Amino acid sequence: MNLRIISWNINSLRKRIDLLDYLSEAYTPDVVCLQETKVKDDQFPHKAVERIGFPHRLTNGVSGYNGVAILSRRPLEQGPVRDWCDRQDGRHVHAVLQPDDHDTPVELHNFYVPAGGDEPDPEVNEKFAHKLRFMSEMELWGAAMPQDGAVRVLVGDLNVAPLESDVWSHRQLLKVVSHTPVEVDHLNRIQRAHGWIDVVREVVPPEEKLYSWWSYRARDWSDSDRGRRLDHIWVTPALRPALKHAEILRDARGWSTPSDHVPVLADFEI
DNA sequence: ATGGTAGACACTCTA
């Protein structure tokens with residue numbers, strides 16, 4: 001089967017329902033994983049999303065903040081729900097993509113890692129401490145999952161840009177939350193704990209600058225191009241041979257009333 | 001060193 005997965009921090013689903021419609025028309029993804037939906041489950045715009053082409057949906061939205069969702073053209077089975085850092089925060093949703101008869105099931109994890117506030121010191125900044133704690137739990141979670149050749153996909157706004165080429169200036173961002181050594185170290189440990197493969201960097205060489213987020217505060221996001229690659233699609237080694245294509249949809253930052261994040265896309269032939 | 005913008009919600013918090 002062909003499988004196109006998109007991950008996107010949409011920064012309010014209700015505000016950008018038309019952009020989701022456009023994305024769906026233009027790229028025909030089989031699965032869309034959203035972060036920062038900013039909508040409670042009981043207010044989720046199910047009808048509009050269904051009309052756009054996603055009859056199957058899983059949501060985890062608890063407030064006007066955070067919130068994640070998985071939208072799919074294929075049937076989904078809800079995976080076990082769990083808390084992270086003892087909070088009900090809407091930062092993780094888990095689905096198993098129901099296979100056709102001869103296909104293997106695909107386990108999907110959609111994460112929204114805490115942004116971490118401004119000060120990169122867990123002693124004085126509770127948000128940064130929460131971010132590191134959340135990532136430590138992700139590492140334990142990944143290490144505890146059997147590495148049994150299962151086909152798994154982890155996507156989301158991980159709020160860390162790991163490589164030097166994932167930020168506009170490595171030197172100037174070393175003390176900026178999202179690119180500090182302690183965060184990069186945490187992200188690398190999560191990756192190693194379960195052998196996750198970063199599919200975009202399988203396709204784009206690590207020397208090449210690549211971003212998925214540009215601040216709203218820049219005068220001209222494209223001209224200054226001070227971006228960071230915060231959004232990721234990872235897969236288990238079992239899925240690596242099936243990877244056909246991956247890209248970051250940079251142009252989406254130039255859409256009208258855009259999110260500050262752009263979609264990340266990956267194609268598999270399983 | 002500072003402030004710049006965007007969204008939810010209803011005061012200010014989060015990013």
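As a basis for the values below, the full set of heavy atoms in this structure was taken, side chains included, without hydrogen atoms, waters or symmetry mates. Letters A, B, ... are given to chains in the order of the sequence lines, protein chains preceding strands, and every chain is numbered from 1. Everything numeric here is computed off the predicted structure, so don't read it as measured data.
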What's the gap between [N] and [M] when it is taken at their [atom1] atoms, as a whole Å value?
N	M	atom1	result
B:dG3	B:dC9	P	28 Å
B:dT2	B:dA6	P	23 Å
B:dT14	B:dG4	C1'	16 Å

Find the distance [X]:[atom1] to [N]:[atom2] and express it as a whole number of Å.
X	N	atom1	atom2	result
A:Glu119	B:dA1	CD	C1'	14 Å
A:Arg219	B:dG4	CZ	P	11 Å
A:Lys15	B:dC9	NZ	C1'	12 Å
A:Lys40	B:dG7	NZ	C1'	15 Å
A:Arg14	B:dG7	CZ	P	13 Å
A:Ile17	B:dG7	CD1	P	15 Å

What N/O pairs connect the protein and nucleotides 13-15 of chain B at under 3.5 Å? Give each pair on its own line.
residue, atom, partner, partner atom, Å
B:dC13, O2, A:Tyr65, OH, 3.1
B:dT14, OP2, A:Lys127, NZ, 3.3
B:dA15, OP1, A:Arg91, NH2, 3.4
B:dA15, N6, A:Arg217, NH2, 2.5
B:dA15, N1, A:Arg217, NH2, 2.9

Practice task
For A:Glu107, check side chain to side chain donor-acceptor pair (under 3.5 Å) against everything at least two apart and list the hits.
Solution key: A:His109, A:Arg152
Practice task
Measure from the ring center of A:Trp234 to the ring center of A:Phe111 and say whether it is less than 6.0 Å.
Solution key: no
Fill in the blank from the handout: Applied to residues 254-267 of chain A, the salt bridge (charged side-chain N to carboxylate O under 4.0 Å, His left out) test, sequence neighbours excluded, yields A:Arg4-A:Asp267
Handout entry: salt bridge (charged side-chain N to carboxylate O under 4.0 Å, His left out) pairs, two or more places apart, involving residues 234-247 of chain A
Key = A:Glu202-A:Arg240
Handout entry: Chi angles and distances behind the salt bridge (charged side-chain N to carboxylate O under 4.0 Å, His left out) call for A:Arg250, A:Asp225
Key = CA-CA 11 Å; A:Arg250 178 186 168 102; A:Asp225 202 18; 3.0 Å; yes
Exercise for the section: Tell me which residues in residues 176-190 of chain A put a heavy atom below 4.0 Å from DNA chain B, sorted by number, or none. Expected result: none
Practice task
May I ask you to establish whether A:Arg82 and A:Trp84 are in a cation-pi arrangement, using a distance under 6.0 Å from NZ or CZ to the six-membered ring centre and at most 45° from the ring axis?
Solution key: yes
Problem - Quiz item: cation-pi between A:Arg228 and A:Trp213, 6.0 Å / 45° - result: no
Handout entry: Whether A:Trp214 and A:Tyr211 hold their rings parallel, tilted or perpendicular, with breakpoints at 30° and 60°
Key = perpendicular
Handout entry: Pair listing, ring-ring contact (aromatic ring centres under 6.0 Å, His included) test, anchored in residues 19-40 of chain A, at least two apart
Key = A:Tyr22-A:Trp255
